[in-house]
Visitor: 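Just passing along the structure, written as structure tokens.
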There are 2 protein chains.
Amino acid sequence: MTIQTRRERERAERERLIVTAARDLAEAEGWDAVTTRRLAAEIEYSQPVLYSHFKGKGAIMAAVAVRGCEELTADLRASTAAAEGAHARLAAVGRAYTDFGRRRPALYDAMFTHLVDLPFATPEAPAPLQEAFGELLKAVEPVAHEGDDLGLLTETFWAGLHGLVTLMRSGRLPREAHDRRLALLIERFAPRATTD
Amino acid sequence: MTIQTRRERERAERERLIVTAARDLAEAEGWDAVTTRRLAAEIEYSQPVLYSHFKGKGAIMAAVAVRGCEELTADLRASTAAAEGAHARLAAVGRAYTDFGRRRPALYDAMFTHLVDLPFATPEAPAPLQEAFGELLKAVEPVAHEGDDLGLLTETFWAGLHGLVTLMRSGRLPREAHDRRLALLIERFAPRATTD
DNA sequence: CTTGGTTGCTAGCAGCGCTAGGGACAAGAG
DNA sequence: CTCTTGTCCCTAGCGCTGCTAGCAACCAAG
């Protein structure tokens, strides 16, 4: 019994090690640098060991993505703590989200850009994912209009943030004007005043 | 003289052939299926010929992207022709844009998702790209608030559309609610009425 | 001490983007 | 017509990728 549990514990620890190594390597040198060989070398095991834990490289990225959601949730939660008022809350969460995308580009890509076979908009979606979305939802809720579907509105707001992050990160939008674009987006979803 | 021009013409035609083959193959089977070997086979030349026209696979994708911009511009232009009023215009252009993303996913990815070394937000950006953006700009202009930077506002609106397209296409947003999300986005940028 | 099962290794496959080097062919000179 | 020069494009191969088959070593149980 104990011997069995020890093995399982060691195995779980190694799996954690793989995910951590993949995330760190990706953050340091980008996902292109995360090859199964380098990853194997990093954890000091041979390649096939990876496949005894994960179905393939995609599954490893998915695991990294899920863990990334926990970080994102924490960031979003922290950002709204000090904000007062619906507008400030939405602005804070928007800033936290886009900051996350800029600060942890590889993590962000694993979560929201790369094709990764994770269930997303279903009840089977990983809990950390749903929590992150929930944080957005809480910030959007006060600015919803009557008759709006809150879930859909949050998805739409999320799409706006996601577009800003990805277009900027790929060089399609100039980085230096990010703050002003973000402010414009926030203003459309949470108008500060009805008249100027 | 004539012999020289004939050769140059044939070369240009072959280059066009490469780009067309790459686009068609990508649209049919996705960019993963577009390998230099398959592309070479498709145009009935050997691999190295590709490299006498383009620096590498990335450059071929960039060429496909530029040509895709022309198609997008045409779509956007056609969409606004029949629309009357600022709200309808913005809705029409938004629908045309997202439809383009869904109908030509590979083309869309080459243009706006994949890393491709094209100058984007600079005066050196390819003309077709600037034209496509210009179409968006014309639709956004009537709904800008006083004091808004029109370029930045258009970029922000574009980001919203781009987020909707990419998150939906990667399965992160349910496809069936796309219309309602798009309507919500349009409503935020061009409110149909000030009060309900 | 032997046996059975697990574990993780070495080696290799098919395919990728890309390139070096040579062979065929056409154009111009004598 | 012959020879040289230069262009063009193909064959072959490099180093890499994700992934897997098959074997060797080890560990627990009888």
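In the text below, chain A, chain B and the rest are named by the order of the sequence lines, each starting its count at 1.
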Visitor: Using a 4.0 Å heavy-atom cut-off, write out nucleotides 6-19 of chain C from 5' to 3' as B (base contacted by protein), S (sugar-phosphate only) or - (no contact).
Guide: --SBB-B---BBBB

Visitor: List the residues meeting side chain to side chain contact (heavy atoms under 4.5 Å, CB included) with Ala125(A), not counting sequence neighbours, and say none if there are none.
Guide: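 With sequence neighbours excluded, Ala125(A) shows a side chain to side chain contact (heavy atoms under 4.5 Å, CB included) to Leu129(A), Gln130(A), given in chain and number order.
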
Visitor: Side chains of Thr36(A) and Gln47(A) only: does a donor on one sit below 3.5 Å from an acceptor on the other?
Guide: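 Present: a donor and an acceptor within the cut-off.
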
Visitor: In chain order, what residues pass the side-chain hydrogen bond (donor to acceptor under 3.5 Å, both in side chains) check against Ser170(B), with sequence neighbours excluded?
Guide: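 For Ser170(B) the side-chain hydrogen bond (donor to acceptor under 3.5 Å, both in side chains) partners, ignoring immediate neighbours, are Arg172(B).
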
Visitor: Could you give the CZ-to-P distance, from Phe54(A) to dG18(D), as a whole number of Å?
Guide: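 Value for this atom pair: 15 Å.
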
Visitor: Can you list the residues that meet the side-chain hydrogen bond (donor to acceptor under 3.5 Å, both in side chains) rule with Lys138(A), with sequence neighbours excluded?
Guide: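 Applying side-chain hydrogen bond (donor to acceptor under 3.5 Å, both in side chains) to Lys138(A) gives Glu135(A).
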
Visitor: Rounded to the nearest angstrom, tell me the gap between atom CD in Glu15(B) and atom P in dC9(D).
Guide: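 The distance from CD of Glu15(B) to P of dC9(D) comes to 13 Å, rounded to the nearest Å.
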
Visitor: For His145(A), which residues count as a side-chain hydrogen bond (donor to acceptor under 3.5 Å, both in side chains) partner, sequence neighbours excluded?
Guide: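 For His145(A) the side-chain hydrogen bond (donor to acceptor under 3.5 Å, both in side chains) partners, ignoring immediate neighbours, are Arg188(B).
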
Visitor: Starting from the first five and the last five pairs of the helix from dC1(C)-dG30(D) to dG30(C)-dC1(D), work out the angle between the resulting helix axes, to 10 degrees.
Guide: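 For the helix from dC1(C)-dG30(D) to dG30(C)-dC1(D), the axes at opposite ends meet at about 30°.
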
Visitor: Restricting to pairs with a member in residues 30-56 of chain B, which pass salt bridge (Lys or Arg N to Asp or Glu O under 4.0 Å), not counting sequence neighbours?
Guide: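 Non-adjacent pairs meeting salt bridge (Lys or Arg N to Asp or Glu O under 4.0 Å): Glu29(B)-Arg38(B).
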
Visitor: Mind jotting down which residue pairs meet the salt bridge (Lys or Arg N to Asp or Glu O under 4.0 Å) criterion with at least one end in residues 13-26 of chain B? Sequence neighbours excluded, please.
Guide: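 Pairs touching residues 13-26 of chain B that pass the test: Arg23(B)-Glu71(B).
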
Visitor: Among residues two or more places apart or on two chains, list those pairs meeting salt bridge (Lys or Arg N to Asp or Glu O under 4.0 Å) that have a residue in residues 151-167 of chain A.
Guide: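 Residue pairs passing salt bridge (Lys or Arg N to Asp or Glu O under 4.0 Å), neighbours aside: Glu155(A)-Arg181(B).
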
Visitor: With Thr98(A), which residues qualify under side-chain hydrogen bond (donor to acceptor under 3.5 Å, both in side chains), at least two apart?
Guide: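 For Thr98(A) the side-chain hydrogen bond (donor to acceptor under 3.5 Å, both in side chains) partners, ignoring immediate neighbours, are His178(A).
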
Visitor: Listed by chain and number, what are the salt bridge (Lys or Arg N to Asp or Glu O under 4.0 Å) partners of Asp179(A), not counting sequence neighbours?
Guide: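 Salt bridge (Lys or Arg N to Asp or Glu O under 4.0 Å) check on Asp179(A) returns Arg95(A).
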
Visitor: Name every residue in residues 17-27 of chain B that has at least one heavy atom under 4.0 Å from any atom of DNA chain C, in order of residue number, or write none if there are no such residues.
Guide: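 Within this stretch, nothing sits under 4.0 Å of the strand.
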
